[in-house]
S.K.: 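This structure is in structure tokens; I'll ask about it shortly.
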Amino acid sequence: MTTERQSIHGQWSSRWTFILAATGAAVGLGNIWKFPYLTGEHGGSAFVLVYILCVAALGIPMMMAEVMLGRRGRETPVNTMRHLAKEIHTSPHWQLVGWAGTVAGVLILSYYSVIGGWTLAYILYSGVGTFSGASGEAVSNLFGKFVGNPIGLLAWHTAFMIITMFVVARGVKSGLEKAVQWLMPALFVLLLVLVGYAMTTGFFLKGLAFLFTPDFSRLSGSGMLAAMGQAFFSLSLGMGTIMIYGSYLPKGISIAQTSVSIAVVDTLVALMAGIAIFPIVFANGLEPGAGPSLIFETIPVAFGNMAGGTLFGTLFFVLLLIAAWTSSISLIEPAVTLLIEKYGMTRLHAAFWSGLITWALGLGTVFSFNIWSESTLFGLNFFELLDYLTSNLMLPLGGIFIAVFAGWLMTKETSKSELSMKGEVGYKIWQILIRYVAPVAVLIVLCNAIGLL
Ligand code: TRP
């Protein structure tokens with residue numbers, strides 16, 4: 001088997017396109033919606049600290065490993081794992097890692113799309129000036145009414161799934177890549193505007209203290225697991241998204257540098273969202289642990305009380321929608337390429353069927369916020385269960401297997417030449433992190449959270 005294989009699904013035109021696409025996949029609802037609400041639920045600074053440690057020590061080496069496997073395999077994650085396992089004469093069962101990841105992507109997208117639908121609805125609400133001058137309480141009430149209506153949520157979820165599958169069906173066209181090039185920086189600028197507003201609330205320092213004053217007493221096992229799960233989620237690791245994006249990467253591009261850039265940008269966006277949101281939470285007497293509703297209650301208040309807020313607020317939700325959109329595409333790409341490679345479907349059919357299944361699963365999340373909100377298992381409703389299962393269990397476990405495969409089973413010659421790092425030291429650090437630190441840390445956090453340690 002040669003190492004010069006090409007993906008049948010295409011190739012990025014340059015390193016820059018890959019960075020844009022992978023950053024587009026990484027930066028999404030995870031940064032702006034999920035990171036602040038998880039931070040609030042888990043008490044602030046301790047969560048943030050564990051999160052940053054996980055990104056640096058686990059996230060970056062794992063991202064490098066996933067890109068490397070993807071670029072060498074150049075196929076859908078299932079086939080990539082199967083072929084790479086064959087190449088090093090080990091069990092074909094390694095393809096199960098690809099299967100689990102592909103399923104995880106579909107499960108995540110099923111609820112991601114529901115929240116993406118909320119973003120669509122909030123573009124409309126802001127656009128017609130609903131939030132203009134609104135109080136925290138009014139915005140909260142509106143949110144409660146909004147999620148209480150299953151038909152409305154279903155319609156928005158359907159609309160989000162349609163726009164996602166539309167892009168997936170066409171293949172990731174340069175139009176989208178070009179758009180991301182402008183829209184991501186625009187999102188960043190609007191986050192800065194929000195941070196500027198947060199500074200005027202009089203609670204800016206309180207917000208910063210909440211995020212950054214170390215308070216180890218609040219470091220619970222479940223909080224650590226949530227922080228680790230969030231690091232995987234936010235960087236899109238552990239399920240094959242980065243592997244499939246790596247499979248479209250031309251040879252000769254530095255995997256290490258690229259991975260570090262993506263991780264840094266992703267983390268900065270999440271931290272900025274936190275820095276913007278918590279002062280607004282405190283200034284308006286809102287609850288930091290409010291859960292998934294957090295940004296849908298704070299951001300409208302901020303823009304509603306700002307000059308030009310209707311315009312900027314609408315723009316903010318438009319940009320959030322685009323961030324969510326570029327991530328949702330990446331969640332389903334492993335499933336779509338699997339249907340094409342394994343079952344010979346056309347891209348259009350593959351997009352249709354995978355989209356339909358994801359959409360149907362999404363009904364569970366739609367109902368979790370209204371008619372099924374009281375149906376729980378282990379105290380979690382359908383949406384919470386799905387989120388726990390995927391972010392906290394499937395992604396970290398997928399990560400362990402990928403780390404073991406890349407660190408222990410692949411030969412040193414292969415990983416070294418694939419990563420082609422300049423210095424010996426960089427490679428050594430990667431090797432230690434991927435062989436020892438990543439698998440051991442993930443196991444400890446998992447065992448600790450389920451009470452085994
Ligand atoms: N990282 C994205 C976000 O933060 C979501 C996402 C895209 C994802 N692809 C993924 C999460 C793969 C886990 C795995 O919104």
Side-chain angles (χ1 to χ4, degrees), residues 20-39 51 54-55 58-59 62-63 65-67 70 76-77 97-98 100-119 160 164 167-168 172 180 183-184 187 191 226-247 259 262-274 292 295 319-337 354 358 386-399 401-402:
L20 278 178
T23 311
V27 176
L29 294 171
N31 306 62
I32 293 165
W33 162 69
K34 205 171 177 197
F35 175 78
Y37 94 71
L38 286 178
T39 303
Y51 174 77
C54 286
V55 168
L58 314 178
M62 291 232 186
M63 186 174 289
E66 259 194 59
V67 177
T76 194
V97 175
T102 305
V103 170
V106 168
L107 295 178
I108 294 176
L109 183 58
S110 81
Y111 73 77
Y112 203 88
S113 162
V114 175
I115 316 298
W118 296 2
T119 313
F160 187 86
T164 297
V167 176
V168 173
V172 182
V180 172
L183 297 166
M184 286 293 177
L187 180 68
L191 271 178
M228 184 176 80
Q230 173 61 10
F232 277 89
F233 186 93
S234 194
L235 296 175
S236 312
L237 294 174
M239 60 136 286
T241 276
I242 295 294
M243 209 185 277
I244 193 84
Y245 276 31
S247 76
S259 302
I262 297 165
V264 168
V265 171
D266 186 71
T267 307
L268 281 180
V269 173
L271 291 178
M272 291 231 318
I295 67 156
L319 293 171
L320 183 58
L321 172 73
I322 289 157
W325 196 358
T326 52
S327 300
S328 61
I329 292 162
S330 76
L331 280 162
I332 196 111
E333 186 71 8
V336 171
T337 48
S354 54
T358 313
L386 202 57
D387 181 33
Y388 191 93
L389 175 76
T390 50
S391 304
N392 292 2
L393 302 177
M394 293 180 86
L395 299 181
L397 284 173
F401 284 110
I402 290 169

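Predicted model only: the values in this text are computed from it and were never measured. Excluded from the calculations below are hydrogen atoms, water molecules and symmetry mates; all remaining heavy atoms, backbone and side chain alike, are included. Index from 1, following the sequence. Whatever order the structure lists them in is the order used to number ligands and atoms, beginning at 1.
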S.K.: Can you tell me if T390 uses its side chain to pair, donor with acceptor, with the backbone of D387 under 3.5 Å?
M.R.: yes
S.K.: Could you check if a side-chain atom of E333 sits within less than 4.5 angstrom of a side-chain atom of T241, using non-hydrogen atoms only?
M.R.: no
S.K.: Ligand 1 and V27, any nitrogen or oxygen pair closer than 3.5 angstrom?
M.R.: no
S.K.: Flag the pair I108 / M394 as yes when at least one side-chain heavy-atom distance between them is below 4.5 Å, and no otherwise.
M.R.: no
S.K.: Answer yes or no: is there a side-chain heavy-atom contact under 4.5 Å between M272 and N31?
M.R.: no
S.K.: What I'd like to find out is whether the side chain of I402 reaches to under 4.5 Å of the side chain of M243, using heavy atoms alone.
M.R.: yes
S.K.: Measure the distance from atom 11 (C) of ligand 1 to every protein heavy atom, then report the residue, atom name and distance (to 0.1 Å) of the closest one.
M.R.: F233 O, 3.1 Å
S.K.: Would you say L395 and ligand 1 have an N/O pair spaced under 3.5 Å apart?
M.R.: no
S.K.: Which of the atoms of ligand 1 are close to M239, meaning less than 4.0 Å from one of its heavy atoms?
M.R.: 12 (C), 14 (C)
S.K.: For ligand 1, which atoms sit closer than 4.0 Å to a heavy atom of G28?
M.R.: 3 (C), 4 (O), 15 (O)
S.K.: For ligand 1, which atoms sit closer than 4.0 Å to a heavy atom of N31?
M.R.: 4 (O)
S.K.: In terms of atom number and element, which parts of ligand 1 are under 4.0 angstrom from non-hydrogen atoms of S234?
M.R.: 1 (N), 4 (O)
S.K.: Could you tell me whether S330 approaches ligand 1 through its side chain, its backbone, both or neither, with non-hydrogen atoms closer than 4.0 Å?
M.R.: side chain
S.K.: Measure the distance from atom 15 (O) of ligand 1 to every protein heavy atom, then report the residue, atom name and distance (to 0.1 Å) of the closest one.
M.R.: Y112 OH, 2.5 Å
S.K.: Within a distance under 4.0 Å of any heavy atom of A26, pick out the atoms of ligand 1 and give their elements.
M.R.: 1 (N), 2 (C), 3 (C), 4 (O)
S.K.: May I ask you to identify the nearest protein heavy atom to atom 6 (C) of ligand 1, giving residue, atom name and distance to one decimal place in Å?
M.R.: S236 OG, 3.6 Å
S.K.: Is it the case that atom OH in Y388 sees more than 12 heavy atoms from other parts of the structure closer than 6.0 Å?
M.R.: yes
S.K.: Look at the aromatic rings of Y112 and F233 and report parallel, tilted or perpendicular, splitting at 30° and 60°.
M.R.: tilted
S.K.: Within the structure provided, determine whether I115 and P292 are in side-chain contact (heavy-atom separation under 4.5 Å).
M.R.: no
S.K.: Any side-chain heavy atom of T358 sitting closer than 4.5 Å to one from I332?
M.R.: yes
S.K.: Main chain of A323, side chain of T326: is a donor-acceptor contact present, judged purely on distance under 3.5 Å?
M.R.: yes
S.K.: Compute the shortest N/O to N/O distance between A25 and ligand 1 and return yes if it is under 3.5 Å, no if not.
M.R.: yes
S.K.: Side chain or backbone, does G30 bring an N or O within less than 3.5 Å of an N or O on ligand 1?
M.R.: yes
S.K.: Is any N or O atom of I108, backbone or side chain, closer than 3.5 Å to an N or O atom of ligand 1?
M.R.: no
S.K.: Consider ligand 1: state whether an atom of it lies below 4.0 angstrom from any non-hydrogen atom of W33.
M.R.: no
